[in-house]
Each structure stands twice: as structure tokens, then as C-alpha cells.
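Computed from a predicted model, the values in this text were never measured in an experiment.
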Amino acid sequence: MTIQWWQILLLTLYAGFAFYDGNNTTFGTVKPVMAGFFAGLVLGDVRTGLVVGGTLNLMVLGIGNFGGASIPDYMTGALLGTAFAVQSGQDAEFGVTLAIPIGLLMIQLDILARFSNTFFQHRAEKLVEAGEIEKAAKMNLFGLIPQSLSRMLPVFLALVFGSAFVEMVVNNLPMWLMNGLKTAGGILPALGIAILLRYLPITKNITYLIIGFVLSAYLHVPVLGVAFVGLAFALLEFQKEEVKVQAAAEIIPGGEMGDE
């Protein structure tokens, strides 16, 4: 498949907007699954986009770039991974294999963008000292430029030279590297879920975790089915708590009357 200029434009603009959205409007476009869906929609293969984006989304569960920390940018990985998979005619697994190193490489570009952003911050400090508050506030908007470009430029260049690049990757990637990246792609989603579980009240709700695991791993119930089972248990717990609250409300007035 030959990627068209308007597809390159849309994916490049998406990369820039997604970064802005992740720090401001929070519509969710920065999530890998949304990026994969959009790339698949633009390129005409939504299924591949969802598989690539969904797999990468599992890798970032429980991980956040708080403070000045930089984490793998799997949003960009999802865009390019989907594009390369569709372009080359390979499956979604190939897209994930390429998306992982792309996401890791983006860490370095993110650090560079944050570093260049200090220019605008120092400029804003001087404007505040001079009492020009409105101009200082605009520096925050200008600070988006290096950050957005750190996503848009790699996406644009990779898509422009994508066909030759994809062909080179397909023909020259050593098997040991492909196998290693596939292994990493299988481990990282589990790692993301494990990190997330550390912050959840697992001890209290271990029963539901076991039920969900059995449904998924042994009975092969689809994710949506497991979600409905979880919803049913949640409603049961809510109803039990509601009964307890009503019982407590009936007992307390009687106790107060008895004391009088």
C-alpha cells in the first residue's frame, strides 16, 4: 500500500494534537489505543490499528510521566506501528514489534523537547518580573511548540520515507531481534497490569480477581463478557452496602429513643 499525502498530513497533525490533548484538554487522544484506531481509520484497516494500539495501551497501565520523568511514547509508536503494518501488508504483531523500539526512541526526543522548552520558561520568568503577566502566560503556549514538534517531525519523516524504510526493516531485521522484541511485547503488557494491581485493593477483592482470571484464561470468555460479570458483582456489592446503610438508619433512631 502506498500512503497518500493527506494521510501523512492527518497522522502528523494527530501526533501534535495528541500531545497537546494529553496535557490540556484530555480527550484521550494521547492513549495508544486511540492513536492506533485513528491511524487504522485513516489507512483503511481499523482492526490492525486497534490491535496495535490496544496492545501498546496494556504496556502503559500503571505508568505515568509525573514531574520531569519521560516514559516510552507508545502513542507515536501506535501511529507508526499501525502505518508500517498496513503499508507493508504485515499483521498487527509486526506493527507492535516496530512500535516498541519507536516508543523507546521517543524517550530521547522527549528529553530533548523538555530541555529546549526551558528557553520559554526562563523568558516567562523575566516577563513576570517585568510585570507583563499576559505575555508571560503566552509563553506556556509557545512551550508547546518544541514538545509537539518532537512528535510531529518523527511521524512525518517516518511516513514520508516509510515505504523504503519498511521494506528495509522487513528484509534486514535479524530473527533474534524480532524474537526478542516479540518476547518483550508479550512481557510488557503483563508488567503493566502487575504494576496497576499494586495500587488496587487486591487483598480485599482477591475473590473477584481469581474469578476474572479463570473466566479469561481457562474459559476463554471475551473481555466484554468478563467486564459484564465484573459489573454484575459490582452491582451486588452496591446493593449489599445499600441494605447495610438502610439497616443502620433504622437502628440509630431507635437507640436514641431508648436512651431518652
Side-chain angles (χ1 to χ4, degrees), residues 14 18 21-41 45-66 71-75 77-79 81-82 85 91-93 95-97 99-100 103 182-256:
Y14 182 95
D21 177 49
N23 290 277
N24 294 275
T25 48
T26 63
F27 291 132
T29 55
V30 75
K31 301 298 183 182
V33 67
M34 293 299 296
F37 168 75
F38 182 81
L41 186 65
D45 192 345
V46 174
R47 182 183 181 280
T48 297
L50 286 174
V51 173
V52 173
T55 302
L56 295 174
N57 219 105
L58 288 174
M59 297 180 186
V60 297
L61 287 177
I63 301 176
N65 56 336
F66 299 105
I71 62 173
D73 180 14
Y74 288 130
M75 180 277 294
L79 284 177
T82 300
D91 57 13
E93 187 177 9
V96 174
T97 299
I100 294 173
K182 287 179 181 178
T183 301
I187 293 175
L188 288 176
L191 177 62
I193 292 176
I195 294 173
L196 183 63
L197 290 177
R198 290 193 62 184
Y199 298 96
L200 296 175
I202 299 302
T203 303
K204 179 181 177 182
N205 300 301
I206 187 65
T207 304
Y208 303 122
L209 177 63
I210 294 174
I211 292 173
F213 179 77
V214 171
L215 288 173
S216 178
Y218 293 99
L219 301 181
H220 305 292
V221 177
V223 173
L224 185 60
V226 175
F228 278 126
V229 173
L231 175 62
F233 280 120
L235 291 174
L236 284 174
E237 287 293 331
F238 177 77
Q239 291 171 354
K240 289 180 182 178
E241 291 298 323
E242 197 174 39
V243 170
K244 290 180 181 178
V245 171
Q246 291 177 352
E250 293 175 358
I251 294 173
I252 290 175
E256 291 177 350

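Considering CD1 of I210 and CG of L215, their distance stands at 12.0 Å, rounded to 0.5 Å. In this structure, the separation between CD on E93 and OG1 on T55 is 9.5 Å, given to the nearest 0.5 Å. The line from CG of L79 to CG of D73 is 8.5 Å long, rounded to the nearest 0.5 Å.
The two residues A35 and A78 make their nearest non-hydrogen contact at CB-CB, 4.0 Å. Nearest heavy-atom pair, P32 versus Y74, reported as atom, atom and distance to 0.1 Å: CB-O, 3.7 Å. Here the closest heavy-atom approach between residue G81 and residue A99 is recorded as CA-CB, 4.3 Å.
Every residue meeting the side-chain contact (heavy atoms from CB on, under 4.5 Å) condition with L231, not counting sequence neighbours, appears here in chain and number order: F228, L235. With sequence neighbours excluded, the residues that form a side-chain contact (heavy atoms from CB on, under 4.5 Å) with F38 are L10, L11, Y14, V42. Judged as a salt bridge (Lys or Arg N to Asp or Glu O under 4.0 Å), and not counting sequence neighbours, E242 has no contacts. Scanning for side chain to side chain donor-acceptor pair (under 3.5 Å) contacts around N57 gives an empty result, with sequence neighbours left out. Scanning for side chain to side chain donor-acceptor pair (under 3.5 Å) contacts around T25 gives D21, with sequence neighbours left out.
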Atom pairs and distances, side-chain donor-acceptor, residues 201-208, under 3.5 Å, sequence neighbours left out:
residue	atom	partner	partner atom	Å
N205	ND2	P201	O	3.2
Y208	OH	E237	OE2	2.4

